[in-house]
2 protein chains.
Amino acid sequence: MTVMESAPVTAPAKPRNCAGLRSGPRRADGQDQYTISEVVGLTGLSAHTLRWYERIGLMPHVDRTHTGQRRFSNRDLDWLDLVSKLRLTGMPVADMVRYAELVREGPATFAARERLLTAHREDVRQRINELRDTLDVLDYKINLYADARLGSEE
Amino acid sequence: MTVMESAPVTAPAKPRNCAGLRSGPRRADGQDQYTISEVVGLTGLSAHTLRWYERIGLMPHVDRTHTGQRRFSNRDLDWLDLVSKLRLTGMPVADMVRYAELVREGPATFAARERLLTAHREDVRQRINELRDTLDVLDYKINLYADARLGSEE
DNA sequence: CCCTTGCTTGGAGTGCACTCCAGCTCTCTA
DNA sequence: TAGAGAGCTGGAGTGCACTCCAAGCAAGGG
C-alpha cells in the first residue's frame with residue numbers, strides 16, 4: 001500500500017462529476033420524490049435492477065407512498081451514483097452490499113468503510129495500469145495493420 | 001473518434017511487456033513444445049479454460065502428439081498473451097473469436113482486424129476515463145473518512 | 001503387472017448480475 | 001365504470017465465462 005500522494009487533510013474538493021451520469025433535473029431537497037421510472041431516466045439503471053438492489057440490501061431503505069409505491073429521494077440518487085461508479089469499476093455487488101451494511105451501522109464503521117474503499121482504490125489503480133498496458137499492445141498491432149494497408153496502397 | 005495522438009507511421013516499437021504475464025522460461029523456436037500444464041504455469045489460465053478456448057475457436061489450431069495430447073508453441077503463447085490482455089480489458093469472448101476467425105482467413109482481413117482493434121481501443125480509453133472519475137470519488141470519500149478519524153483522535 | 005500421474009473428451013454445473021414473468025393493485029382519464 | 005398505464009411481488013429464466021465431472025487412454029516407476 002504505497003502512499004504516493006498522501007493528500008493533505010484539508011478541505012477535500014468534491015470531484016466535479018460526483019453528481020453522476022445523467023442526473024439532470026433534480027428537485028430541491030424537501031420535495032425530492034422520484035418515482036421508479038423517473039429514477040430509471042435519471043440513473044440509466046433499469047427498474048428491475050433498482051428493485052433488485054433494494055431486495056439484496058444495496059439501498060438504504062427507500063420511502064413508500066401509502067399504496068406501497070417507491071419514492072426515491074436525492075440521497076437515494078446520490079447513493080445510486082456511487083453504486084453505479086463502483087459497479088462500473090468492477091466492485092462485486094457483494095462488496096457493495098457489505099459497504100451498505102456498514103453505512104447502516106453508523107459512524108462506528110468509518111474505519112472499516114475507509115479500509116474497504118482504500119482496497120478498492122488500489123484495485124482500480126491496478127486496473128488502470130492493465131488497461132494502459134493493453135493500450136500499448138493495441139497501438140502496436142493497429143500500427144502494424146495500418147502499415148500493411150499503406151504499404152499495399154502504393 | 002478523437003485523434004489525440006496520431007502515431008507516426010514509422011517503425012512501431014514493440015511494447016515492453018508484450019511478452020505477457022509470467023512468460024518466464026520459454027524454449028527457443030524449433031523446440032517449443034509445451035504441455036498444457038506448462039502453459040497453465042506460463043499464462044495463469046486454467047487447463048479447463050485453455051481447452052475451452054480451443055473448443056470455441058479462440059485458438060489457431062494447437063499441435064498434438066501421436067497420442068492426441070496438446071503441444072503448444074511459442075506462437076500459441078503469444079496468442080494467449082494477446083487474448084489474456086483483451087479479456088482483461090473487457091473484450092467479450094465472442095469478439096475475440098471473431099478476431100481469431102479473421103486471423104485464420106489471412107491477410108485479406110487486415111482492414112477488418114484493424115477496425116476491430118481500433119474500436120476496442122476506444123472502449124479501453126473510455127474505461128480508463130471512467131476509472132479515473134471513480135478514483136476521484138474514492139479519493140474524496142476516503143479523505144472524508146480519514147478526516148473523521150483524525151478529528152476524533154484528538 | 002499394477003499404480004500413479006497427466007492428459008483426453010462431451011456434457012453438465014456454477015456464480016454472477018441481472019432480466020423477465022404472471023398476476024396483482026392503484027390511480028387517472030373519458 | 002371501463003380501460004389504460006404505472007407500479008408491486010416472489011420466483012423463474014438468461015447470458016456470459018468459465019469450471020467441473022466421469023470415464024477413459026498412455027507413459028513411466030516399483
Side-chain angles (χ1 to χ4, degrees), chain A residues 21 33-59 61-73 76-77 79-101 120 123 127 130 134, chain B residues 21 33-59 61-73 76 79-80 82-101 120 123 127 130 134:
Chain A
L21 325 181
Q33 302 268 287
Y34 307 91
T35 66
I36 198 164
S37 56
E38 283 171 328
V39 176
V40 167
L42 252 22
T43 64
L45 298 166
S46 77
H48 294 305
T49 301
L50 289 170
R51 294 194 197 101
W52 180 66
Y53 277 1
E54 195 180 338
R55 258 196 286 190
I56 64 174
L58 192 45
M59 286 296 302
H61 183 72
V62 178
D63 276 357
R64 299 293 183 118
T65 65
H66 68 106
T67 60
Q69 293 198 0
R70 270 165 267 251
R71 288 297 177 267
F72 294 80
S73 67
D76 295 331
L77 254 36
W79 175 257
L80 284 170
D81 280 342
L82 176 62
V83 163
S84 295
K85 281 216 154 38
L86 295 179
R87 274 302 302 128
L88 224 54
T89 51
M91 183 183 278
V93 167
D95 288 7
M96 299 196 304
V97 170
R98 176 82 193 116
Y99 183 74
E101 281 166 2
H120 185 56
D123 286 354
R127 293 277 302 125
E130 287 171 2
T134 308
Chain B
L21 325 182
Q33 301 268 287
Y34 307 91
T35 66
I36 197 164
S37 55
E38 284 172 327
V39 176
V40 167
L42 251 23
T43 64
L45 298 166
S46 77
H48 294 306
T49 301
L50 289 170
R51 294 195 195 100
W52 179 65
Y53 276 1
E54 194 180 340
R55 258 196 287 188
I56 64 174
L58 193 45
M59 286 296 303
H61 183 71
V62 179
D63 275 359
R64 300 293 184 121
T65 65
H66 68 105
T67 59
Q69 294 197 359
R70 270 165 269 251
R71 287 297 177 267
F72 294 80
S73 68
D76 295 330
W79 174 256
L80 285 170
L82 176 63
V83 163
S84 295
K85 280 215 154 40
L86 294 180
R87 274 302 301 130
L88 225 52
T89 51
M91 183 184 278
V93 167
D95 288 8
M96 298 196 304
V97 170
R98 176 80 193 116
Y99 183 73
E101 279 166 4
H120 184 57
D123 287 354
R127 293 276 303 125
E130 286 171 1
T134 307

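Note on naming: letters A, B, ... go to the chains in the order of the sequence lines (proteins, then strands), and numbering restarts at 1 for each one.
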With respect to the side chain of B:I36, which nucleotide from D:dT19, C:dC7, D:dA17 is positioned closest?
C:dC7

Quick one: does B:R51's side chain have a donor or acceptor within less than 3.5 Å of a partner on B:R55's backbone?
no

B:L58 CG to D:dC16 P, in whole Å, measures 15 Å

Would you mind classifying the nucleic acid contact of A:R64 as base, sugar-phosphate or nothing, using non-hydrogen atoms under 4.0 angstrom?
sugar-phosphate

With a cut-off of less than 4.0 Å, is there a side-chain N or O of A:T35 near OP1 or OP2 of D:dA6?
no

Would you please confirm or rule out a distance under 4.0 Å between OP1 or OP2 of C:dC7 and any side-chain N or O of B:S37?
yes

When you check the phosphate oxygens OP1 and OP2 of D:dA17, does a side-chain N or O of B:Y53 lie under 4.0 Å from one of them?
no

Looking only at the side chain of A:R55 (C-beta and beyond, no hydrogens), which of the listed nucleotides C:dT19, C:dC7, D:dA6 gets closest?
C:dT19

Atom NE2 of B:H66 and atom C1' of C:dC7 are separated, to the nearest Å, by 13 Å

Residue closer to the 5' end of DNA chain C, A:P92 versus B:E38 (nearest nucleotide):
B:E38

Distance in angstrom units between B:I56 CD1 and D:dA17 C1', rounded:
9 Å

Has the side chain of A:R71 got a donor or acceptor atom sitting under 3.5 Å from an opposite partner on the base of D:dG7?
no

Under 3.5 Å, is there a donor-acceptor pair between the side chain of B:W52 and the main chain of B:A47?
no

Per the side chain to side chain contact (heavy atoms under 4.5 Å, CB included) rule, which among B:T43, B:V40, B:V62, B:L42 passes with B:Y34?
B:L42

So what does A:R87 hit on the nucleic acid, given a heavy-atom distance under 4.0 Å: a base, only sugar-phosphate, or nothing?
sugar-phosphate

What is the separation between atom CE on A:M91 and atom P on C:dC16, rounded to the nearest whole Å?
15 Å

Can you tell me how far P of D:dC25 sits from CZ of B:R70, to the nearest Å?
17 Å

Round to the nearest Å and state the distance from A:H48 atom NE2 to D:dT9 atom C1'.
13 Å

Categorize B:R51 for me: base, sugar-phosphate, or nothing, with a 4.0 angstrom heavy-atom threshold over every strand shown.
base

Is the shortest distance from a Lys or Arg side-chain nitrogen in B:R87 or A:E130 to a carboxylate oxygen in the other one below 4.0 Å?
no

In whole angstrom, what separates B:L45's CG from D:dC18's C1'?
11 Å

Sorted by position of nearest nucleotide on DNA chain C, 5' first, the leading residue of A:Q69 and A:S46 is A:S46

Report the C-alpha distance between A:D76 and A:S73 in whole Å, list the side-chain angles of each, state the deciding distance to 0.1 Å, and finish with yes or no for side chain to side chain donor-acceptor pair (under 3.5 Å).
CA-CA 5 Å; A:D76 295 331; A:S73 67; 3.3 Å; yes

Between CG of A:D63 and P of D:dC8 the distance, given in whole Å, is 13 Å

